[in-house]
Protein chains: 2
Amino acid sequence: MAEIQSLARGLKILNLLEHSRDGMGTTEVATQLEIDKSSASRLLHTLAKYGFVEQDQLTARYLLGPQLVTLGQHLLNRITLRDHARPYLHELVDKTGECAHLAILAQRQALYIDQVESTAALRVESEIGTLSPLYCTALGKTLLTFGDSRIPDELTPFTHRTVTDRSTLEAQLAQTSKRGYAIDDEEYNYGVRCVAAPVYDHKSALVGAIGVSGPAGRMTLERIDEFGSVVTSIAAALSARLGYDFNLK
Amino acid sequence: MAEIQSLARGLKILNLLEHSRDGMGTTEVATQLEIDKSSASRLLHTLAKYGFVEQDQLTARYLLGPQLVTLGQHLLNRITLRDHARPYLHELVDKTGECAHLAILAQRQALYIDQVESTAALRVESEIGTLSPLYCTALGKTLLTFGDSRIPDELTPFTHRTVTDRSTLEAQLAQTSKRGYAIDDEEYNYGVRCVAAPVYDHKSALVGAIGVSGPAGRMTLERIDEFGSVVTSIAAALSARLGYDFNLK
DNA sequence: AATATAAGTTGCATAATATGCAACGTGCGT
DNA sequence: ACGCACGTTGCATATTATGCAACTTATATT
């Protein structure tokens with residue numbers, strides 16, 4: 001179906017603003033989207049009118065607006081999986097000493113919806129709200145193996161360890177399926193290894209994945225396997241905890 | 001400036017979906033916005049294409065999408081005030097035993113950007129991301145008195161205690177200004193009283209407000225005044241803490 | 001201070017685009 | 001099996017968004 005141009009342009013502006021450090025001006029937006037200044041101006045005004053974009057009082061540059069916080073938070077509150085998973089994430093941190101994450105499938109990507117940080121000095125920064133690829137992260141591979149199962153067409157490399165060969169990846173997923181947990185061996189970020197396992201509801205339908213990640217220095221290959229069983233058992237416990245009236249949405 | 005219709009319609013759909021419990025169908029959206037089914041269908045498809053809306057696999061109804069979490073969270077992370085304020089919110093909870101909140105001005109409303117819950121049994125639920133009116137909440141009155149200062153045209157009552165008379169409100173704000181903290185005496189929610197005080201940056205410009213709220217049963221009028229000085233002093237401590245290179249955005 | 005330069009907004013004619021209508025397809029409930 | 005409601009698609013129309021150009025405002029340069 002053909003997309004509605006002006007709406008699409010408005011949404012593209014929001015995505016643009018996400019990646020700008022201190023907001024953008026009308027002309028800048030117009031250049032990036034390859035549209036006229038006047039169009040950009042009018043789109044921005046409409047976005048501002050509804051609170052999706054806000055103009056900095058001083059610089060007059062446009063920033064993301066409060067309405068996005070409102071809607072985003074609202075959506076997060078709906079996802080009750082988060083509440084259920086919280087104590088299990090803490091348990092993961094306690095047992096491994098590394099950061100624990102919770103992700104769900106969204107847009108054929110892994111959406112990080114919660115995180116519990118380790119107290120260790122070296123740790124990953126806040127990832128909540130981030131979308132990550134399915135084929136090169138532990139949480140993603142978990143969702144791919146036990147959920148979506150459709151391998152993306154493009155396997156873009158992020159590090160030299162990223163698996164870009166389809167059959168190699170398929171073999172990895174088969175192994176993941178057999179073993180019950182997925183591994184990311186510096187395939188997405190240099191120096192970061194991750195382990196993740198699937199979370200199911202009462203109907204054995206996949207609802208998400210939990211896992212831990214940490215610096216390769218601490219996450220040695222022996223410890224990874226050890227962590228694998230920890231993550232798997234905690235994921236199983238969480239799955240069991242998810243009552244029969246649990247609903248993801 | 002005239003708003004761009006199709007973009008505005010798309011944004012209105014997002015706002016609609018926020019208030020629906022289990023998503024909405026194409027026809028329902030069309031009815032609410034008083035547009036044709038076909039238009040609604042096409043708008044929804046465009047929103048879905050960019051991840052702002054998601055279709056439930058089972059019911060085929062549209063829900064808010066992950067992109068909103070991404071953008072909303074991204075924006076929250078930018079607001080460094082939150083990080084600075086956290087410990088002070090905890091201190092507030094410790095000293096009062098009630099829930100503590102942090103809000104900033106956005107769209108001429110109070111945007112709740114953080115919260116620390118009390119351990120008491122009775123407590124308000126998560127408000128983060130919520131927009132509240134300025135004229136009938138303690139945080140709002142604080143922002144109104146020390147920040148925006150423009151009283152809204154419409155003073156809609158929420159309870160029988162809501163101040164709907166302009167001059168009465170002006171008198172309250174004058175009192176707030178003199179005393180240094182604002183009070184909400186069941187003016188927004190029945191049975192809930194709040195106290196709040198302003199937070200400034202190094203240039204003495206208002207950046208936000210912090211406060212506590214609790215059930216009227218515990219928040220007696222004597223305690224309110226006692227809490228007033230607690231909140232004011234903690235707000236002052238936070239203001240002092242905000243380094244000179246602090247920036248809200 | 002005066003001018004030059006860039007950014008942003010508005011008017012307007014054009015054409016592209018979104019719109020509503022109607023018809024079609026699909027799934028659900030009776 | 002039938003009817004009904006919901007969702008999607010084709011199409012003609014005209015509304016709506018668009019780009020251009022002119023104008024205004026703010027900023028930097030000499």
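In the text below, chain A, chain B and the rest are named by the order of the sequence lines, each starting its count at 1.
With hydrogens and angles ignored, a donor-acceptor pair under 3.5 angstrom links the side chain of Arg42(B) to the base of dG20(C). Interface remark: the Ser39(B) side chain does not form any donor-acceptor pair with the dG20(C) base, using a distance-only criterion of under 3.5 Å.
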Show the numbers, then the answer: is there a salt bridge (Lys or Arg N to Asp or Glu O under 4.0 Å) between Lys141(B) and Glu187(B)? CA-CA 11 Å; Lys141(B) 283 184 195 176; Glu187(B) 294 159 43; 2.7 Å; yes
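Between the CZ atom of Arg61(A) and the P atom of dA26(D) there is a distance of 17 Å, rounded to whole Å. Between the CG atom of Asp36(B) and the P atom of dT17(C) there is a distance of 20 Å, rounded to whole Å. Per the geometry, CG belonging to Leu47(B) stands 15 Å off P belonging to dG7(D), to the nearest Å. As a whole-Å value, the separation of Ile35(A) CD1 from dG19(D) P is 7 Å. Atoms CG (Leu43(A)) and C1' (dT16(D)) sit 13 Å apart, rounded to a whole Å. Between the CD atom of Glu34(B) and the C1' atom of dC21(C) there is a distance of 18 Å, rounded to whole Å. Taking atom CG of Leu44(B) as the reference point, atom C1' of dT8(D) lies 12 Å away to the nearest angstrom. The separation between His45(A) atom NE2 and dA7(C) atom P is 16 Å, rounded to whole Å.
The Ser6(A) side chain lies nearest to dA17(D) when the options are dA17(D), dC21(C), dG19(D). Minimum atom distance to the side chain of Thr26(B) is reached by dT8(D), of the listed dT19(C), dT18(D), dT8(D). Of the listed nucleotides (dT18(D), dG7(D), dA18(C)), dT18(D) has the atom at the smallest distance from the side chain of Ile4(B).
An OP1 or OP2 oxygen of dG7(D) is reached within less than 4.0 angstrom by a side-chain nitrogen or oxygen of Thr27(B). Residue Gln5(A) has a polar side-chain atom (N or O) positioned under 4.0 Å from OP1 or OP2 of dT18(D). In terms of phosphate contacts, Ser41(A) brings a side-chain nitrogen or oxygen within less than 4.0 Å of OP1 or OP2 of dT9(C).
If you find the closest nucleotide of DNA chain C to Arg9(A) and to Lys37(A), the one lying nearer the 5' end belongs to Lys37(A).
You'll find the side chain of Thr162(B) stays beyond 4.5 Å of the side chain of Leu155(B), heavy atoms only.
In this structure, Arg108(B) contributes its side chain and Arg150(B) its backbone to a donor-acceptor pair below 3.5 Å.
Put simply, the residue from Thr46(B), Leu64(B), Leu71(B) that forms a side chain to side chain contact (heavy atoms under 4.5 Å, CB included) with Phe52(B) is Leu71(B).
The existence of a salt bridge linking Arg86(A) and Asp114(A) is confirmed by a sub-4.0 Å separation between a basic side-chain nitrogen and an acidic carboxylate oxygen.
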